[in-house]
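Report on the following structure.
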Amino acid sequence: MYFAVALDGNHEPLLLAIGLGTLECEESWRWFMMRLKDCLGEDTEVGFISNLCDKIDFGVQSAYPDSYHGYFPKDIARKIRCKVHVGKPPFCTLLRSPIYWLDDIAISKWTRAFFPKVRYNVKSIDVPEILQIISTREFPITTIIELINTSIQSKYGERAEVAGRLSGGLTPYVDSKVQKRVNKSYNWMARRLYRDTFEVDDNFATTNVQLERRVCSCGKWQKSGIPCGHAITCLRTRTSEAIHEMVDYKFTNFVYRLAYGSELVNTIPSHVLWEIPNETMVLLPPSMQ
């Protein structure tokens with residue numbers, strides 16, 4: 001089973017795509033990633049974070065050679081703990097074995113340090129509950145498809161209702177994020193250098209902010225799309241609405257409602273309504289032949 005999960009503008013996990021196969025291999029993952037690319041489109045900017053699997057890495061590089069692919073930090077830490085504790089090796093081996101194992105992982109795969117976007121808040125997205133149920137039981141393929149379809153439709157329906165009740169400009173998650181940064185930067189000091197360029201002292205370091213370009217030398221603003229505390233310090237004399245206008249458009253409630261309020265999910269009809277071509281041949285399971 002192959003699946004891709006994404007985070008929406010409210011920082012909620014959403015099952016994006018799923019594939020079913022008989023064998024998990026490099027070609028299977030390549031097929032899945034190519035189909036995912038067909039759905040998302042050629043010009044969609046994406047990045048991938050996965051568990052420690054060379055097969056997934058092959059699939060990503062085949063379909064998205066210019067996109068970033070890294071590993072979950074928690075998965076790396078979990079494997080280090082396993083290698084240290086299993087078998088209780090001698091003290092010298094205890095110190096050396098994790099280091100040798102880490103040498104096999106390219107440093108660029110460490111998402112907390114090298115993810116090109118929001119590396120400050122890399123999140124390990126849990127497998128959707130419906131996938132956990134399916135993976136632990138044997139179901140006919142038609143039942144699996146219907147379960148997945150029902151789950152996705154239900155999730156979209158729930159969030160469409162939430163989107164209809166939202167007010168204000170930003171999604172609740174981003175609004176909360178902005179408020180936290182406002183509170184954190186309350187006693188920071190900004191000094192105008194020229195026009196829209198400022199120098200900000202955050203009590204630990206000095207950073208430069210360019211409001212018109214929406215850039216801060218700390219890197220958070222341009223990577224997350226949400227003004228960092230340094231930018232908010234420069235904008236403190238303005239209204240909260242002016243600060244919200246500096247947030248990337250994709251985090252607005254309008255885009256959230258647009259995503260879940262329209263019929264973007266193609267409904268799969270019940271298998272009893274599937275059209276069966278006349279030229280097909282029915283193959284019975286081995287036990288019934």
Side-chain angles (χ1 to χ4, degrees), residues 1-21 24-51 53-72 108-109 111 114-119 121-131 134 144-160 162-163 171 173-174 222-226 247-269:
M1 183 179 293
Y2 329 102
F3 57 89
V5 182
L7 289 175
D8 63 17
N10 204 32
H11 211 62
E12 297 172 319
L14 177 68
L15 180 59
L16 200 63
I18 186 168
L20 301 173
E24 184 180 3
C25 62
E26 290 183 345
E27 285 304 317
S28 295
W29 274 109
R30 180 180 181 278
W31 170 84
F32 176 73
M33 297 305 302
M34 293 301 294
R35 300 291 77 75
L36 179 65
K37 188 174 185 178
D38 291 341
C39 294
L40 297 180
E42 287 281 347
D43 299 328
T44 303
E45 183 181 2
V46 293
F48 298 91
I49 305 175
S50 73
N51 55 9
C53 180
D54 293 337
K55 302 179 183 66
I56 298 178
D57 192 51
F58 174 82
V60 171
Q61 295 305 319
S62 298
Y64 291 95
D66 298 325
S67 296
Y68 176 84
H69 173 228
Y71 298 137
F72 286 127
S108 60
K109 294 293 187 182
T111 53
F114 289 94
F115 193 64
K117 291 296 182 179
V118 195
R119 64 171 178 259
N121 195 22
V122 174
K123 180 177 181 180
S124 297
I125 306 176
D126 294 330
V127 177
E129 183 179 356
I130 185 63
L131 297 184
I134 293 173
I144 292 176
I145 292 175
E146 289 178 358
L147 284 172
I148 294 172
N149 178 60
T150 302
S151 174
I152 295 177
Q153 293 287 359
S154 175
K155 187 60 66 177
Y156 263 77
E158 292 173 5
R159 295 187 184 172
V162 172
T171 62
Y173 167 78
V174 177
Q222 53 268 39
K223 287 181 170 63
S224 68
I226 305 172
V247 176
D248 196 294
Y249 178 69
K250 66 186 176 212
F251 293 118
T252 61
N253 284 328
F254 175 79
V255 173
Y256 190 83
R257 285 191 292 267
L258 188 65
Y260 292 111
S262 56
E263 294 294 334
L264 295 180
V265 180
N266 296 322
T267 302
I268 303 175

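As a basis for the values below, the full set of heavy atoms in this structure was taken, side chains included, without hydrogen atoms, waters or symmetry mates.
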Below 4.5 Å, heavy atoms only, C-beta onward: do L40 and V46 meet side chain to side chain?
yes

Parallel, tilted or perpendicular: which fits the ring planes of F32 and Y2, with parallel below 30° and perpendicular above 60°?
tilted

Evaluate whether atom CG of D54 has more than 12 neighbouring non-hydrogen atoms of other residues, nucleotides or ligands under 6.0 angstrom away.
no

Could you tell me if the ring centre of Y64 sits under 6.0 Å from that of F48?
yes

Heavy-atom closest pair, residues A163 and Y256
CB-CD2, 3.6 Å

Heavy-atom side-chain proximity of S50 to H69 below 4.5 angstrom:
yes

Testing the basics here: between L16 and A6, what is the closest heavy-atom pair and its distance to 0.1 Å?
CD2-CB, 4.2 Å

CG (D66) and CD (Q61) are apart, to the nearest 0.5 Å, by 9.0 Å

Does K37 have more than 12 heavy atoms from other residues, nucleotides or ligands lying within 6.0 Å of its NZ?
yes

Show your reasoning for whether side chain to side chain contact (heavy atoms under 4.5 Å, CB included) applies to Y156 and L14.
CA-CA 9 Å; Y156 263 77; L14 177 68; 3.7 Å; yes

Can you find a pair of side-chain heavy atoms, one from F251 and one from Y173, that are under 4.5 Å apart?
no

Using the rule given for side chain to side chain contact (heavy atoms under 4.5 Å, CB included), can you reason through Y260 versus E158, listing the C-alpha separation, both sets of side-chain angles and the distance that settles it, and then say yes or no?
CA-CA 9 Å; Y260 292 111; E158 292 173 5; over 6 Å; no

State which residue, out of K155, R257, R159, K250, fulfils the salt bridge (Lys or Arg N to Asp or Glu O under 4.0 Å) condition with D8.
R159

Point-to-point distance, once rounded to the nearest 0.5 Å, from CZ of R30 to SG of C25
11.5 Å

In short, A4 meets L36 closest at the heavy-atom pair CB-CD2, 4.2 Å

Looking only at heavy atoms, which two atoms of E24 and C53 are closest? And how far apart?
OE2-SG, 4.3 Å

I'd like to know if the side chain of K109 and the backbone of G70 have a donor-acceptor N/O pair within less than 3.5 Å.
no

Atom OG in S108, atom OH in Y68: separation rounded to 0.5 Å?
6.0 Å

Rounded to the nearest 0.5 Å, how far apart are CE of M34 and SG of C39?
11.5 Å

Treating N10 as the side-chain partner and T171 as the backbone partner, does any N or O pair qualify as donor plus acceptor under 3.5 Å?
no

If I take atom CD1 from residue I49 and atom CD1 from residue I56, how far apart are they, to the nearest 0.5 angstrom?
12.5 Å

Could you tell me whether the side chain of V174 reaches within less than 4.5 Å of the side chain of I226, counting heavy atoms only?
yes

What distance do E26 atom CD and S62 atom OG have between them, rounded to the nearest 0.5 Å?
8.0 Å

